[in-house]
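Since the structure comes first, as structure tokens, the remarks are kept for the end.
This chain uses plain numbering: 1 for the first residue, then up along the sequence. Values in this document were obtained by computation on a predicted structure and should not be read as measured data.
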Amino acid sequence: MTQHLPSTTLAVDPAWIDAYGHLNAAHYVGIFDRVGFELLSQVGVGLDYTEATRCGIYTMNVHVAYLREVLAGDPLMLQVRLLESDNKRLLCLMELTQTRDGYLAATMEQLSLHVDLNTRRATPFPEDLAARLASTVADHARQPLPKGYRRLLPLQGAR
């Protein structure tokens with residue numbers, strides 16, 4: 001059975017509005033980073049995982065697509081989908097939707113690396129977590145991608 005993508009709702013804080021009267025680009029990234037990280041706990045790599053293991057995921061690369069503006073007070077939904085994983089890396093897509101009018105406002109692809117915080121070095125995911133991430137990737141692949149979305153970040157660099 002396909003599960004829903006991890007998601008949460010929020011609203012555009014008026015303090016996040018720039019001189020053009022819409023959400024400032026830096027705040028989009030802030031929402032993706034802060035709220036997206038909270039959502040990643042639902043797939044096993046959130047703060048509770050870090051506190052229990054002294055491991056976590058470091059952001060290596062992001063690609064943000066600003067699709068439509070959002071204004072102060074606009075209701076938003078952020079959802080996260082896992083696109084791909086391997087023994088040390090995780091690639092996810094975050095989708096920010098303005099829910100009142102039902103449009104996709106922005107997306108962010110994020111490539112992350114699993115790191116041991118004691119050594120500050122990349123380390124493989126524990127086997128059970130790697131299996132859980134792979135299963136979640138397969139499950140999320142059953143959900144339709146946003147219309148017009150084209151993946152840009154590779155899980156691994158050119159060989």
Side-chain angles (χ1 to χ4, degrees), residues 1-52 55-86 89-115 125 129-156:
M1 170 189 260
T2 301
Q3 299 174 358
H4 293 304
L5 301 174
S7 66
T8 192
T9 58
L10 61 149
V12 177
D13 186 321
W16 301 342
I17 300 302
D18 64 16
Y20 299 117
H22 60 208
L23 184 63
N24 179 275
H27 288 289
Y28 280 93
V29 175
I31 291 168
F32 287 129
D33 183 58
R34 180 180 45 82
V35 180
F37 182 67
E38 292 169 9
L39 290 174
L40 285 171
S41 68
Q42 294 179 35
V43 297
V45 290
L47 186 57
D48 53 343
Y49 170 74
T50 299
E51 290 172 344
C55 291
I57 55 172
Y58 280 18
T59 300
M60 297 174 58
N61 199 348
V62 297
H63 178 269
V64 180
Y66 304 97
L67 305 171
R68 283 186 61 184
E69 69 180 357
V70 294
L71 308 174
D74 277 355
L76 305 173
M77 178 181 69
L78 179 66
Q79 62 183 17
V80 173
R81 78 174 68 228
L82 303 190
L83 295 172
E84 193 174 355
S85 67
D86 67 11
R89 286 172 287 271
L90 179 63
L91 180 65
C92 65
L93 174 66
M94 299 184 198
E95 303 162 41
L96 190 65
T97 301
Q98 195 265 35
T99 58
R100 181 183 50 249
D101 301 316
Y103 63 83
L104 186 62
T107 61
M108 186 174 89
E109 286 183 29
Q110 177 176 305
L111 177 62
S112 300
L113 180 67
H114 187 245
V115 174
F125 289 113
L129 179 56
R132 178 179 178 181
L133 293 173
S135 174
T136 302
V137 166
D139 188 52
H140 287 184
R142 295 181 189 101
Q143 298 284 337
L145 289 164
K147 184 177 180 173
Y149 168 73
R150 183 175 57 89
R151 183 172 148 183
L152 295 173
L153 297 181
L155 184 67
Q156 297 184 21

Ignoring hydrogens and angles, tell me if any N or O in the side chain of [X] forms a donor-acceptor pair with the backbone of [Y] under 3.5 Å.
X      : Y      : answer
Ser112 : Ile57  : no
Tyr103 : Glu69  : yes
Thr136 : Arg132 : yes
His22  : Leu71  : no
Arg151 : Leu153 : yes
Gln110 : Leu93  : no

Side-chain contact, heavy-atom cut-off 4.5 Å: [X] with [Y]?
X      : Y      : value
Met108 : Tyr66  : no
Thr59  : Leu111 : no
Leu155 : Asp86  : yes
Thr107 : Val64  : no
Trp16  : Ile31  : yes
Val29  : Val62  : no
Arg68  : Gln98  : no

Full working for side chain to side chain contact (heavy atoms under 4.5 Å, CB included) between Leu5 and Leu39
CA-CA 10 Å; Leu5 301 174; Leu39 290 174; over 6 Å; no
Inter-residue atom distance [X].[atom1] - [Y].[atom2], 0.5 Å rounding:
X      : Y      : atom1 : atom2 : value
Asn24  : Asp18  : CG    : CG    : 5.0 Å
Thr8   : Met77  : OG1   : CE    : 10.0 Å
His63  : Glu109 : NE2   : CD    : 7.0 Å
Leu152 : Leu91  : CG    : CG    : 10.0 Å
Arg89  : Leu133 : CZ    : CG    : 13.0 Å
Cys55  : Phe125 : SG    : CZ    : 9.5 Å

Can you confirm if the aromatic rings of Tyr49 and His114 lie within a centre distance of less than 6.0 Å?
yes
For [X] versus [Y], what's the shortest heavy-atom pair and its separation?
X     : Y      : result
Gly46 : Phe37  : C-CZ, 3.9 Å
Arg81 : Pro144 : NH2-O, 3.0 Å
Pro14 : Ala72  : CA-CB, 4.1 Å
Val43 : Pro6   : CG1-CG, 4.2 Å
Leu76 : Val70  : CD2-CG1, 3.9 Å
Gly73 : Ala11  : O-CB, 4.2 Å

Carefully, step by step, assess His140 and Leu83 under the rule side chain to side chain contact (heavy atoms under 4.5 Å, CB included).
CA-CA 7 Å; His140 287 184; Leu83 295 172; over 6 Å; no
Which is it for Leu96 and Met94 under the side chain to side chain contact (heavy atoms under 4.5 Å, CB included) test, yes or no, and what are the steps along the way?
CA-CA 7 Å; Leu96 190 65; Met94 299 184 198; over 6 Å; no
Determine, stepwise, if the pair Thr9 / Thr99 fulfils side chain to side chain contact (heavy atoms under 4.5 Å, CB included).
CA-CA 9 Å; Thr9 58; Thr99 58; 5.6 Å; no
